[in-house]
Amino acid sequence: MTPHPGHRQMKHVVVGTAGHIDHGKTELVKALTGVNTDRFKEEQERGITIDIGFAPLPLGPDLTAGFVDVPGHEKFVKNMLAGIWGIDLVLLVIAADESIMPQTREHFEICSLLHVKRGLVALTKIDLVDADIAELAAIEVRDFVRGSFLEEAPILPVSSRTGQGIDRLKEEIGKAARQIEPGRPSLLLRLPVDRVFSMRGFGTVVTGTLVSGSIAEGDEVAVYPEGK
């Protein structure tokens, strides 16, 4: 079917969070999208992200970002890997009061190994530090990303608690998203599966990031390598 000449085709980009535990990734996604991606009771009780979560962010009439929020704890790095694979844009989250930490480095290295090409840095919890500490943290971050795919990325001070910098971060995500080349929907459907679970009333549900191709309601797909 040929689109109407005046029809705008919706563009979707996938944004993945990365960063150390307790640096505010989930809180930041909630501040941006209004969605709490910590959907499990255990996550809410413990105050940590265990599994990957998802949230949409409309960025205009023809652009939507889908957030993949990943765990920051070192024990859940395999879950982080499942979420970060296939993203278009990374949002590296670093708390101003702690700066670079072990999983900051680990997640950053994973993104580099997976050849993530674009991203931004959110300097979170800016409301907890004074101007001098915030400036020092930004200098440390700029030195940390030097020579990498994030070398020219903006470092954006934000506070999920007060809302400081959230609108500016949305604008920068939109700018970066518009620079991403659209996917190749004409290619064979490929959807690496991140999770499989059952939901009452629906049955088996699988989630993943669409790498190529397209899918519509009623289509039949095959699971490889089993070929089912």
Side-chain angles (χ1 to χ4, degrees), residues 11-21 23-26 28-29 32-33 37 49 51-57 59 63-74 76-95 99-124 137-138 140-158 168-185 187 190-195 207-213:
K11 179 179 179 181
H12 299 273
V13 298
V14 181
V15 183
T17 63
H20 195 76
I21 187 172
H23 278 201
K25 295 184 296 299
T26 301
L28 184 57
V29 171
L32 287 164
T33 68
T37 55
T49 300
D51 202 358
I52 54 179
F54 305 91
L57 176 63
L59 292 168
L63 178 63
T64 300
F67 272 88
V68 182
D69 185 34
V70 305
H73 197 287
E74 59 182 335
F76 304 118
V77 69
K78 65 177 183 179
N79 294 14
M80 181 271 177
L81 269 166
I84 211 74
W85 195 91
I87 66 167
D88 300 308
L89 184 72
V90 67
L91 181 60
L92 184 63
V93 179
I94 303 174
S99 193
I100 312 298
M101 295 292 280
Q103 267 60 64
T104 310
R105 298 181 183 278
E106 185 174 37
H107 285 198
F108 178 70
E109 289 171 3
I110 287 171
C111 290
S112 298
L113 288 170
L114 292 177
H115 304 294
V116 178
K117 295 187 177 359
R118 292 185 182 276
L120 306 96
V121 180
L123 195 62
T124 55
E140 290 176 348
V141 171
R142 184 58 69 196
D143 184 63
F144 174 65
V145 300
R146 185 171 291 117
S148 75
F149 71 98
L150 288 178
E151 183 171 23
E152 301 298 328
I155 299 172
L156 303 159
V158 295
R168 167 82 193 286
L169 178 56
K170 285 183 182 179
E171 291 176 6
E172 292 296 332
I173 291 171
K175 286 180 185 177
R178 286 182 174 85
Q179 294 173 7
I180 294 170
E181 291 295 324
R184 293 172 287 179
L187 296 183
R190 289 192 298 143
L191 179 76
V193 175
D194 295 333
R195 296 182 299 148
T207 70
T209 301
L210 192 65
V211 176
S212 65

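A quick note: this is a predicted structure, and the numbers were derived from the prediction, not measured.
Shown here for Ala177 and Val13, the closest heavy-atom pair between the two residues is CB-CG2, 3.6 Å. Here the closest heavy-atom approach between residue Ala122 and residue Val158 is recorded as CB-CG2, 4.3 Å. The shortest heavy-atom contact between Leu123 and Ala137 is CD1-CB, 4.1 Å. The minimum heavy-atom distance linking Ala18 with Cys111 is given by the pair CB-SG, 4.3 Å. The heavy-atom pair separating His23 from Thr124 by the smallest distance is O-OG1, 2.6 Å.
Of the possible polar contacts, none joining the Lys117 side chain to the Asp88 backbone as a donor-acceptor pair under 3.5 Å is found. Of the possible polar contacts, one joining the Arg142 side chain to the Glu151 backbone as a donor-acceptor pair under 3.5 Å is found. Side chain of Thr33 to backbone of Leu57: no donor-acceptor contact under 3.5 angstrom is found. Under a 3.5 Å cut-off, the side chain of Lys25 and the backbone N or O of Val93 do not form any donor-acceptor pair. Under a 3.5 Å cut-off, the side chain of His20 and the backbone N or O of Gln103 do form a donor-acceptor pair.
Note that the CD1 atom of Ile21 and the NE2 atom of His107 stand 9.5 Å from one another [nearest 0.5 Å]. The distance from atom CZ of Phe144 to atom CD1 of Ile155, rounded to the nearest 0.5 Å, is 11.0 Å. Put simply, CD on Gln179 and CZ on Arg118 are 4.5 Å apart, with the number rounded to the nearest 0.5 Å. Between the CD atom in Glu106 and the OG1 atom in Thr104 there is a gap of 10.0 Å [rounded to 0.5 Å]. Interatomic distance, Leu28 CG to Leu169 CG, rounded to the nearest 0.5 Å: 5.5 Å.
A 4.5 Å side-chain heavy-atom check between Leu150 and Val121 finds at least one atom pair inside the cut-off. Side-chain contact between Ile87 and Val15 is absent, with no heavy atoms from C-beta onward closer than 4.5 Å. In this structure, the side chains of Val141 and Leu92 stay at 4.5 Å or more apart for every pair of heavy atoms.
A salt bridge is defined here as a Lys NZ or Arg NE, NH1 or NH2 lying under 4.0 Å from an Asp or Glu carboxylate O, and Glu172 with Lys175 meets this definition.
In this structure, Phe149 and Phe108 have parallel ring planes: the angle between them is below the 30° cut-off, well short of the 60° mark.
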Practice problem: Before giving the answer on side chain to side chain contact (heavy atoms under 4.5 Å, CB included), spell out for Leu89 and Ile180 the whole-Å C-alpha distance, their side-chain angles and the decisive distance to 0.1 Å. | Solution: CA-CA 8 Å; Leu89 184 72; Ile180 294 170; 4.1 Å; yes
